[in-house]
Colleague: 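Here it is: the structure, laid out below.
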Amino acid sequence: ASSGVRVVAHGIDTLHLSIWCSVSPETRRRLDALRTLAEAHDTVIGSGDLRWTLAPHGRPGGYRYLLDGPACSIALRGRDLDGQASAFVELRSAYLWRLGPVRAVARILEALRAWSAPGSEWPPRVTVSRLDLAADVQGWQPSGAELTAPIGTAPAWVSRTVARTRYAEPVKGGTKRARDLGADALHLRGRRFTGYSFGSNDLLARIYDKTAEIKKSGKRWFGGLWLAGGADPGAPVWRVEFQLRGDVLRELVIAVTDPRLQAVAACATDWPIVRQGLDGLWSYLTTREAGRGWLDLRRVALREDGTP
């Protein structure tokens, strides 16, 4: 990166957790009674950030109860099952950015403890099924040409993925794909470039105009976060984001923490281990070190077969 590029915010933007706790029979009886009421009107449990509206239906995957709130959504099973988590939690972006992931997860666990069976083991096992790492930057504005520039003539994206896509937004709004390039994606608004995406499924990178995105999503609270990070309020903010899930998340955590975890790979997505590897994940995904690095912008001469 050039000296003019500055990071104005960085952190976890999406975090999905499976929590291996034992929910008390009393909690389930109460939820059953409240769910009947939820069919007629909103039924709220808790208070402040840690409050949820109980849905009159469950969630796919065998979860009988679904609670939706400003901090997170929580899905709970109707009964504890051996070898399966009893709770699935999706933390909200705003909550993660405001508290940070460590405090946010701790607060959710505090709330769940009140619903757990007396005498059950605490803290419970917590595993990560999806993790989105994000960095918001100013002082760098891609043009869109990086994906299509002639070989070796301009800065170009070098990625291990063959999946690349480009998108466009018409002047009246709505995103559409402008041009397929394998699995990369180029995003435009009218004639204005707004972003790329690389990869698919368990590993996906997105680079996009976050300033333009929040005008559509309504997440204007990001403005205060960026100002606290030294942002110029008159300049656009671009986001670099990696979405990690499933086997890819497990393999990368092993690579950046302790290769010996390969012998007990099922533990590699436990939250304490993932938390320990957060800095290493960023480094692994963006480094130019041989054998590592997944996405990189550089001026590079390529071989005739298109490889660096």
Colleague: Provide the closest heavy-atom pair for W20 versus P124 in the form atom of the first, atom of the second, distance.
Modeller: O-CB, 3.5 Å
Colleague: The criterion is side chain to side chain donor-acceptor pair (under 3.5 Å); which residues satisfy it with S86, sequence neighbours excluded?
Modeller: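 With neighbours one apart ignored, the set is D80.
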Colleague: Is it true that, when you exclude E121 itself, more than 12 heavy atoms of the residues, nucleotides or ligands shown sit nearer than 6.0 Å to its CD?
Modeller: no
Colleague: Under the side chain to side chain contact (heavy atoms under 4.5 Å, CB included) test against T127, which residue among D270, I19, V274, I273 passes?
Modeller: D270
Colleague: Please indicate whether R79 has more than 12 foreign heavy atoms, meaning atoms of other residues, nucleotides or ligands, lying under 6.0 Å from its CZ.
Modeller: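 No, CZ of R79 has 12 or fewer neighbouring heavy atoms, counting only those of other groups under 6.0 Å.
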Colleague: Looking at every heavy atom in both L50 and A71, which two are closest together, and how far apart are they?
Modeller: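 Shortest heavy-atom separation between L50 and A71 comes out as CD2-CB, 4.1 Å.
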Colleague: If a pair satisfies ring pair (Phe, Tyr, Trp, His ring centres under 6.0 Å) and one of its residues is in residues 101-138, list it, with sequence neighbours excluded.
Modeller: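 Non-adjacent pairs meeting ring pair (Phe, Tyr, Trp, His ring centres under 6.0 Å): W52-W115.
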Colleague: Can you list the residues that meet the side-chain contact (heavy atoms from CB on, under 4.5 Å) rule with Q138, with sequence neighbours excluded?
Modeller: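 If we apply the side-chain contact (heavy atoms from CB on, under 4.5 Å) test to Q138, skipping adjacent residues, the hits are R6, V8, A231, D232, A235, V237.
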Colleague: Could you give me the CA-CA distance, side-chain angles and deciding distance for L131 and I12, then say whether side-chain contact (heavy atoms from CB on, under 4.5 Å) is met?
Modeller: CA-CA 7 Å; L131 172 71; I12 295 178; 3.5 Å; yes
Colleague: Taking a hydrophobic cluster as the set of Ile, Leu, Val, Met, Phe, Trp and Tyr residues connected by side-chain heavy atoms closer than 4.5 Å, whether directly or through intermediates, do V240 and V256 fall within one such cluster?
Modeller: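 Linked within one cluster.
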Colleague: State, yes or no, whether a side-chain contact exists between R275 and V128 at a heavy-atom distance under 4.5 Å.
Modeller: no
Colleague: How close do R35 and G58 get, heavy atom to heavy atom, and via which atoms?
Modeller: NH1-N, 3.9 Å
Colleague: Are the side chain of R239 and the backbone of E213 linked by a donor-acceptor contact shorter than 3.5 Å?
Modeller: no
Colleague: So, does R51 use its side chain to make a donor-acceptor pair with the main chain of V44 at under 3.5 Å?
Modeller: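 No, because the side chain of R51 does not come within donor-acceptor range (under 3.5 Å) of the backbone of V44.
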Colleague: Just to verify, what does D247 make a side chain to side chain donor-acceptor pair (under 3.5 Å) with, not counting sequence neighbours?
Modeller: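 Here the qualifying residues are R250.
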Colleague: If you measure from OG1 on T14 to CD on Q243, what distance do you get to the nearest 0.5 Å?
Modeller: 7.5 Å
Colleague: If you apply the rule side-chain contact (heavy atoms from CB on, under 4.5 Å), what do you find for H41 with T43, and how did you get there?
Modeller: CA-CA 6 Å; H41 56 79; T43 302; 4.3 Å; yes
Colleague: List the residues meeting ring-ring contact (aromatic ring centres under 6.0 Å, His included) with W271, not counting sequence neighbours, and say none if there are none.
Modeller: none
Colleague: Is there a side-chain contact between L203 and L285 in this structure, where contact means two heavy atoms from C-beta onward sitting under 4.5 Å apart?
Modeller: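 In short, these two side chains touch, coming nearer than 4.5 Å.
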Colleague: Could you pull out all residues at least two apart from D132 that satisfy salt bridge (Lys or Arg N to Asp or Glu O under 4.0 Å)?
Modeller: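 Testing D132 for salt bridge (Lys or Arg N to Asp or Glu O under 4.0 Å), a comparison that skips the adjacent residues, returns R130, R206.
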Colleague: According to a hydrophobic-cluster definition based on side-chain heavy atoms being under 4.5 Å apart (Ile, Leu, Val, Met, Phe, Trp, Tyr only), do L54 and Y63 belong together?
Modeller: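 No; tracing contacts between hydrophobic side chains, which count when under 4.5 Å, never links both residues.
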Colleague: Run the side-chain contact (heavy atoms from CB on, under 4.5 Å) check on L17 and I108 step by step: do they pass?
Modeller: CA-CA 11 Å; L17 305 172; I108 301 304; over 6 Å; no
Colleague: Check whether more than 12 heavy atoms from other residues, nucleotides or ligands sit under 6.0 Å from atom NE2 of H10, and answer yes or no.
Modeller: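 No - once you tally the heavy atoms of other residues, nucleotides and ligands closer than 6.0 Å, there are 12 at most.
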Colleague: With rounding to the nearest 0.5 Å, note down the distance linking CG in L112 to SG in C21.
Modeller: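 Result: 5.5 Å between the selected atoms.
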Colleague: Mind checking the CG-CG spacing from L244 to D202? Nearest 0.5 Å is all I need.
Modeller: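 Answer for the CG-CG pair, L244 versus D202, is 9.0 Å.
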Colleague: To the closest 0.5 Å, what do you measure between CD1 (I207) and CZ (F198)?
Modeller: 5.0 Å
Colleague: So if you build clusters from Ile, Leu, Val, Met, Phe, Trp, Tyr with side-chain heavy-atom gaps below 4.5 Å, do L225 and V7 land together?
Modeller: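 No, it is not one cluster - the side chains of L225 and V7 are not joined through contacts under 4.5 Å.
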Colleague: Excluding sequence neighbours, so at least two apart, what forms side chain to side chain donor-acceptor pair (under 3.5 Å) with W226?
Modeller: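 Listed in chain order: D136.
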Colleague: Hey, what do you get for CG (L67) to CD1 (I45), rounding to the nearest 0.5 Å?
Modeller: 5.0 Å
Colleague: Can you give me the closest heavy-atom contact between R28 and V23, atom names plus distance?
Modeller: NH1-O, 2.9 Å
Colleague: Run the side-chain donor-acceptor check on residues 88-103: report pairs under 3.5 Å with partners two or more places apart or on a different chain.
Modeller:
{"unit_1": "E90", "atom_1": "OE2", "unit_2": "R59", "atom_2": "NH2", "d": "3.4"}
{"unit_1": "R92", "atom_1": "NE", "unit_2": "G69", "atom_2": "O", "d": "3.1"}
{"unit_1": "R92", "atom_1": "NH2", "unit_2": "D68", "atom_2": "OD1", "d": "2.0"}
{"unit_1": "S93", "atom_1": "OG", "unit_2": "D13", "atom_2": "OD1", "d": "2.8"}
{"unit_1": "W97", "atom_1": "NE1", "unit_2": "D13", "atom_2": "OD1", "d": "2.7"}
{"unit_1": "R98", "atom_1": "NH2", "unit_2": "D49", "atom_2": "OD2", "d": "2.0"}

Colleague: Would the distance check show the side chain of S116 and the main-chain N or O of R113 forming a donor-acceptor pair, the cut-off being under 3.5 Å?
Modeller: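 The answer is yes, because a donor-acceptor pair under 3.5 Å joins these two groups.
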Colleague: Which residues pass the side chain to side chain donor-acceptor pair (under 3.5 Å) test with T257, not counting sequence neighbours?
Modeller: none
Colleague: Drop me the distance from D42's CG to L37's CG, to the nearest 0.5 angstrom.
Modeller: 11.5 Å
Colleague: Using side-chain contact (heavy atoms from CB on, under 4.5 Å) as the criterion, list what pairs up with L227, not counting sequence neighbours.
Modeller: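 Here the qualifying residues are P233.
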Colleague: How would you list, by chain and number, every residue that makes a ring-ring contact (aromatic ring centres under 6.0 Å, His included) with W282, sequence neighbours excluded?
Modeller: F242
Colleague: Do the side chain of R77 and the main chain of G61 share a donor and acceptor less than 3.5 angstrom apart?
Modeller: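 At least one qualifying donor-acceptor pair exists.
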Colleague: Could I get the full list of side-chain contact (heavy atoms from CB on, under 4.5 Å) partners for N201, not counting sequence neighbours?
Modeller: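 So N201 forms no side-chain contact (heavy atoms from CB on, under 4.5 Å) with any residue.
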